[in-house]
Visitor: 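Have a look at this one.
Throughout, residue positions are numbered sequentially from 1 according to the sequence presented.
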Amino acid sequence: MDFDSFDLCKCHQTMDKDLLYRYFNGQVTPEELHQVRQWQDESEENEKLLRRERKLFNAMILVGSPEREEDEQVTERVHEARSFSWKSLRRIAAGIVLVLGLAGILFFANRNTANQLAFQTIHVPSGQRVDIVLPDSTHVWLNANTTMTYPLAFMEDRREVIIDGEAYFEVKHNAKCPFTVHTAQMDVTDLGTKFNVEAYSDKGYTETSLMEGKVEIGVGGKQTYVLEPGQKLWVMGGQIKRSTIDDPDTYRWREGLNCFNNKPVSSIMKDFEKYYGIRIQIRKKSIRNVVLSGKFRIAEGLDYALSVMQAEVPFQYHRNEEDSTLYIE
């Protein structure tokens, strides 16, 4: 099953911007998708224009758009820092599943001074991704349905962020000022690194995967692990496991791609749940373990991905709007 032909569009100066942004949002019809792809193949200039529009689209997600205020796609809050310990935050986070607006108040406080800091909370909606550069020049990609809180200016002795969701980090290393990513189940500290952290609080599963450098991972405030490149560590239900990364393409989500290699349909549907913020139940048990390989542009939307898969695996599906569930029959 080869999805190499499913590439992102290249817009044109005369391309309808509303259509293009609906494409980014995964809200185009099959006919509109074909129209966008025709523009894709026209010129290198179209590719440059697409990148520019995609950056503008990302910026709207980051800072909000007057035209999209009703969607509540981005939440920004500025908080006064107060004197709370990380141990206190961990207790609170366990109870409120990382409600990050409150966590920002609690965690980033300077434990030794009464300094006041300002923080920003970013939420990325379903089907989208955002890449930003933090105040220290660290580059971060945020996956769909991810929330991150970070200070507008880091302290001199430490750099700390909190995420609920999935993020890929290329850290600007500074041995005198360590960079730490906090989640509900683990704390990941950079030792000169490119790494991915998946920590959706509603999944009960946390995984850190290391591409370059080293990271030190603290679990439960007691155990500490150091990862080497090509390794990952996951925590679930009190179990901790270290293993090798079996498919690097999994992390190409930051390019807008959902890639899978010899992956069962049941796992692919779990990815769709993450990207599109919907619950999926497979009632047709015979297809659960059917293995597929391919890739989709996340922006093309769930209906498009399912329609392509139907060419390989026989199934039907319908949505129940009352419980926000998609059923595979």
Visitor: To the nearest 0.5 Å, what is the distance between NZ on Lys285 and OG on Ser266?
Guide: 13.0 Å

Visitor: Any side-chain to backbone donor/acceptor pair from Thr244 onto Asp246? Under 3.5 Å, distance only.
Guide: no

Visitor: Hydrophobic clustering (ILVMFWY, side-chain heavy atoms < 4.5 Å, transitive) - are Tyr276 and Phe260 grouped together?
Guide: yes

Visitor: Contact between Tyr200 and Asn143 at the side-chain level, heavy atoms closer than 4.5 Å - yes or no?
Guide: yes

Visitor: Does any non-hydrogen side-chain atom of Val215 lie less than 4.5 Å from one of Thr189?
Guide: no

Visitor: Apply the test side chain to side chain contact (heavy atoms under 4.5 Å, CB included) to residues Gln281 and Leu326: give CA-CA distance (whole Å), side-chain angles for both, the deciding distance (0.1 Å), then the verdict.
Guide: CA-CA 6 Å; Gln281 281 195 4; Leu326 185 143; over 6 Å; no

Visitor: I want to check something: taking the side chain as every heavy atom from C-beta on, are Leu142 and Ile122 in contact at a cut-off of under 4.5 Å?
Guide: yes

Visitor: Using the test salt bridge (charged side-chain N to carboxylate O under 4.0 Å, His left out), find all partners of Lys270 that sit at least two apart in sequence or belong to another chain.
Guide: Glu273

Visitor: So do the side chains of Leu233 and Ile240 get within less than 4.5 Å of each other, counting heavy atoms only?
Guide: yes

Visitor: Test Tyr168 against every option in Met211, His139, Arg129, Glu198 by the side-chain contact (heavy atoms from CB on, under 4.5 Å) rule and name the one that passes.
Guide: Met211

Visitor: Report the residues that fulfil salt bridge (charged side-chain N to carboxylate O under 4.0 Å, His left out) with Arg283, sequence neighbours left out, ordered by chain and then residue number.
Guide: Glu329

Visitor: If you measure from CG on Asn174 to CD on Glu156, what distance do you get to the nearest 0.5 Å?
Guide: 11.0 Å

Visitor: By side chain to side chain donor-acceptor pair (under 3.5 Å), which residues pair with Ser209, not counting sequence neighbours?
Guide: Glu207, Tyr251

Visitor: Excluding sequence neighbours, so at least two apart, what forms ring pair (Phe, Tyr, Trp, His ring centres under 6.0 Å) with Phe179?
Guide: Phe169

Visitor: Between Thr149 and His182, is any pair of side-chain heavy atoms under 4.5 Å apart?
Guide: no

Visitor: Mind listing the closest non-hydrogen atom pair of Pro151 and Pro135 along with its distance?
Guide: O-CG, 3.7 Å

Visitor: Please check if Leu306 and Leu292 belong to a single hydrophobic cluster, counting links between Ile, Leu, Val, Met, Phe, Trp and Tyr side chain heavy atoms closer than 4.5 Å.
Guide: yes

Visitor: Are side-chain N/O atoms of Asp164 and Ser201 paired as donor and acceptor at under 3.5 Å?
Guide: yes

Visitor: Within a strict 4.5 Å, meaning less than it, do heavy atoms of the Gln128 and Ile298 side chains meet?
Guide: no

Visitor: Tell me, do Leu302 and Arg319 make a side-chain contact under 4.5 Å, heavy atoms counted?
Guide: yes

Visitor: Show the numbers, then the answer: is there a side chain to side chain contact (heavy atoms under 4.5 Å, CB included) between Phe195 and Val197?
Guide: CA-CA 7 Å; Phe195 60 98; Val197 178; 3.6 Å; yes

Visitor: OG1/Thr208 to CD1/Ile217 distance, rounded to the nearest 0.5 angstrom?
Guide: 4.0 Å

Visitor: Any sub-3.5 Å donor-acceptor pair from Thr146's side-chain atoms to Glu166's backbone N or O?
Guide: yes

Visitor: May I ask you to decide whether Asp190 forms a salt bridge with Lys214, counting only side-chain N to carboxylate O separations under 4.0 Å?
Guide: no

Visitor: Using a cut-off of 6.0 Å, state whether more than 12 heavy atoms not belonging to Glu228 lie near its atom CD.
Guide: yes

Visitor: Identify, with sequence neighbours excluded, every residue that meets side chain to side chain donor-acceptor pair (under 3.5 Å) alongside Asn289.
Guide: none

Visitor: Looking at Arg279, I want to see if its CZ is surrounded by more than 12 non-hydrogen atoms of other residues, nucleotides or ligands under 6.0 Å.
Guide: no

Visitor: Applying side chain to side chain contact (heavy atoms under 4.5 Å, CB included) to Thr193 and Leu210, what does each step give before you reach the verdict?
Guide: CA-CA 8 Å; Thr193 313; Leu210 181 62; 3.0 Å; yes

Visitor: If you group Ile, Leu, Val, Met, Phe, Trp and Tyr by side-chain heavy-atom gaps below 4.5 Å, do Val290 and Tyr327 land in one group?
Guide: no

Visitor: Return the minimal non-hydrogen interatomic distance between Gln310 and Phe315, and the atom names on each side.
Guide: NE2-O, 2.9 Å

Visitor: Begin from the C-alpha positions of Glu216 and Tyr225 and carry the test side-chain hydrogen bond (donor to acceptor under 3.5 Å, both in side chains) through to its verdict.
Guide: CA-CA 6 Å; Glu216 181 179 272; Tyr225 305 84; over 6 Å; no

Visitor: Heavy-atom distance under 4.5 Å between the side chains of Asp187 and Glu160, does that happen here?
Guide: no

Visitor: What pair of heavy atoms forms the shortest contact from Ile245 to Pro248, and how long is it?
Guide: CG2-N, 4.1 Å

Visitor: Could you identify which residues cluster with Leu191, counting Ile, Leu, Val, Met, Phe, Trp and Tyr as linked when any side-chain heavy atoms lie under 4.5 Å apart, either directly or through a chain of such contacts?
Guide: none

Visitor: Can a salt bridge be assigned to the pair Lys172 and Asp136 using a cut-off of 4.0 Å between side-chain N and carboxylate O?
Guide: no

Visitor: In terms of hydrophobic clustering (I, L, V, M, F, W, Y; side-chain heavy atoms under 4.5 Å; direct or indirect links), are Tyr304 and Phe272 co-clustered?
Guide: yes

Visitor: Ion pair present between Arg252 and Glu255, side-chain N to carboxylate O less than 4.0 angstrom?
Guide: yes

Visitor: Is there a side chain to side chain contact (heavy atoms under 4.5 Å, CB included) between Tyr150 and Val140? Walk through the geometry before answering.
Guide: CA-CA 11 Å; Tyr150 65 97; Val140 185; over 6 Å; no

Visitor: What's the separation between atom OG1 in Thr325 and atom CD1 in Ile280, rounded to the nearest 0.5 Å?
Guide: 9.5 Å

Visitor: Will you find, in the side chains of Asn262 and Ser293, an N or O donor that is under 3.5 Å from an N or O acceptor?
Guide: yes

Visitor: At what distance, to the nearest 0.5 angstrom, does NZ of Lys203 lie from CG of Asn145?
Guide: 8.5 Å

Visitor: What closest approach, in Å, do Cys177 and Met155 show between heavy atoms, and which atom pair accounts for it?
Guide: SG-O, 3.5 Å

Visitor: Can Val265 be reached from Tyr275 by stepping across I, L, V, M, F, W or Y side chains whose heavy atoms are under 4.5 Å apart?
Guide: yes

Visitor: Of all the heavy-atom pairs spanning Met148 and Leu134, show the shortest one and how long it is.
Guide: CE-CD2, 4.0 Å

Visitor: Examine the side chains of Trp253 and Asp271 and answer whether a donor and an acceptor come within less than 3.5 Å of each other.
Guide: no

